[in-house]
Colleague: 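Starting off with a structure, shown below.
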Protein chains: 2
Amino acid sequence: MFSKTCKYAIRAVIFIAHKSADGSRVGIKEIAKGIDSPEHFIAKILQDLGKRGLVQSLKGPNGGFYLDEVSKKHTLADVVEAIDGDGIFTGCALGLKQCSEIKPCPLHSKFKTIREQLQIMLGSVTVENFNDELNAGISYLRRN
Amino acid sequence: MFSKTCKYAIRAVIFIAHKSADGSRVGIKEIAKGIDSPEHFIAKILQDLGKRGLVQSLKGPNGGFYLDEVSKKHTLADVVEAIDGDGIFTGCALGLKQCSEIKPCPLHSKFKTIREQLQIMLGSVTVENFNDELNAGISYLRRN
DNA sequence: TTAATAAAAGATATTTTTATCTTTTATTTT
DNA sequence: AAAATAAAAGATAAAAATATCTTTTATTAA
């Protein structure tokens, strides 16, 4: 469904939202451990998300990643689109470039519904929406 | 959503169902052209689907691929599962192996609905279900 | 029973994705 | 200012997915 890169990205932004909710920053090592990802790989991903303004960071002691007021309100759809592009929301299920309402692939209409639901779902939750349940230990971002 | 291999596979079986509905066989070259795929690559995929009993084939003159009565009734879910496995139906959206009802990832419950709908949708159409609309030129398997 | 046809099988190549390692730059603290 | 910290950037490597090429086997038709 999502690329591995995208899965790491989603887990990371939710983790950062959670850990930096108190105004502090969270380092790359803690993030990597907290979401079970390769440290250097998630570093690259966050670098990319940083350039796109989806996460913020500061170098040096007490530095790390955090989210400003705008970033906290970004939806998971924003994250997915930043990493994987909008193919999952708009592309043809069978990979046909010219597939559209007028020249639909056999699955077109049936798939449309599902894609839309996915987009609505991902568009309706912000990265900080999970803070409470993570605090309460109701959901998890790693094997734990 | 699906791997490229899986997209080719779905297109191919629908194409074969369509072209062999009259009892004839359809060659690999015609299939490759008919679904816009690399010839040797789709050959490999069909070889695999053949071993799994999802398509039938005959070598030699007048040979080619076709579907027996059982294969015609296979659903697209069967094809997807044969190629990509059941990860898309059962796996965690965030790639967490231990994600489950008792240790859910943040997206678990919201995703469940969508995965189920996808499975129901793909499980409710057989590969031959599209023959009529393909004949009528209402849907397409290549740029055309 | 030979030639032609077409898929199966095996080997290799290319591209993309995922992962790692090293060096540089920015920031803070002493 | 110097030392320590931590991300940014750049380079390289490994693995997986996608694609191509060649040889073999089965089948048919002449």
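Proteins get letters first, then strands, A, B, ... in listed order; numbering begins at 1 in each. Since the structure is predicted, the reported quantities are computational estimates derived from the model, not experimental observations.
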Colleague: Side chain of A/Phe41 only, please: which of C/dT18, D/dA8, C/dA8 is the nearest?
Modeller: C/dT18

Colleague: Would you indicate, yes or no, if D/dA8 has its OP1 or OP2 atom less than 4.0 angstrom from a side-chain nitrogen or oxygen of A/Ser57?
Modeller: yes

Colleague: For the pair made of CD1 in B/Ile45 and P in D/dT18, what is the distance, rounded to whole Å?
Modeller: 9 Å

Colleague: Could you check if a side-chain atom of A/Leu76 sits within less than 4.5 angstrom of a side-chain atom of A/Phe130, using non-hydrogen atoms only?
Modeller: yes

Colleague: Using a cut-off of 4.0 Å on non-hydrogen atoms, how would the nucleic acid contact of B/Leu46 be classed: base, sugar-phosphate, or nothing?
Modeller: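 The residue B/Leu46 makes no contact with any strand.
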
Colleague: Across the strands shown, which category fits B/Gly50 at heavy-atom distances under 4.0 angstrom: base, sugar-phosphate, nothing?
Modeller: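 Result for B/Gly50 = nothing.
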
Colleague: Which of these nucleotides, D/dC21, C/dT20, C/dT27, is closest to any side-chain atom of A/Pro61?
Modeller: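 Within the option list, the nearest is C/dT27.
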
Colleague: Within the pair A/Thr5 and C/dT18, is there a side-chain N or O less than 4.0 Å away from OP1 or OP2?
Modeller: yes

Colleague: In this structure, how many angstroms lie between the P atom of C/dA7 and the CD1 atom of B/Ile28, rounded?
Modeller: 6 Å

Colleague: A/Ile83 versus A/Ile45: any side-chain heavy-atom pair under 4.5 Å?
Modeller: yes

Colleague: Does B/Tyr8 make a side-chain N or O approach to OP1 or OP2 of D/dT18 shorter than 4.0 Å?
Modeller: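 No, B/Tyr8 has no side-chain N/O under 4.0 Å of OP1/OP2 on D/dT18.
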
Colleague: Taking A/Gln119 for the side chain and A/Ala77 for the main chain, is one N or O donor matched with an acceptor at less than 3.5 Å?
Modeller: no

Colleague: Atom CD of B/Gln47 to atom P of C/dA6: distance rounded to whole Å?
Modeller: 17 Å

Colleague: What integer distance in Å separates B/Glu39:CD from C/dT5:P?
Modeller: 15 Å

Colleague: Could one point to a donor on the side chain of A/Lys59 or the base of C/dT25 with an acceptor on the other under 3.5 Å away?
Modeller: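 A donor-acceptor contact between them is present.
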
Colleague: On DNA chain C, nearest-nucleotide positions of B/Phe65 versus B/Gly60: which is more 5'?
Modeller: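 Closest to the 5' end, via its nearest nucleotide, is B/Gly60.
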
Colleague: Is there a donor-acceptor contact under 3.5 Å linking the side chains of A/His74 and A/Glu128?
Modeller: no

Colleague: Tell me: NZ of A/Lys29 to P of C/dT20, nearest whole Å?
Modeller: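 Taking NZ of A/Lys29 and P of C/dT20, I get 15 Å after rounding.
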
Colleague: Would one find a side-chain N or O of B/Asn62 under 4.0 angstrom from OP1 or OP2 of D/dT27?
Modeller: no

Colleague: Is any side-chain N of the basic residue among B/Glu69 and B/Lys72 closer than 4.0 Å to the acidic one's carboxylate O?
Modeller: yes

Colleague: Report yes or no: is there a donor-acceptor pair, N or O only, under 3.5 Å between the side chain of B/Lys44 and the base of C/dA9?
Modeller: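 Counting by modelled atom types and ignoring angles, a donor-acceptor contact under 3.5 Å is found here.
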
Colleague: Roughly, in whole Å, what's the span from CZ in A/Arg25 to C1' in C/dA26?
Modeller: 14 Å

Colleague: Taking atom P of D/dA11 as reference, at what distance in whole Å does atom NE2 of A/His40 sit?
Modeller: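 It is 16 Å, rounded to the nearest whole Å.
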
Colleague: 5'-most contact on DNA chain C: A/Leu58 or A/Cys6, nearest heavy atom basis?
Modeller: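 It is A/Cys6, whose closest nucleotide lies nearer the 5' terminus.
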
Colleague: Output the rounded distance in Å from NZ (B/Lys7) to C1' (D/dT18).
Modeller: 13 Å

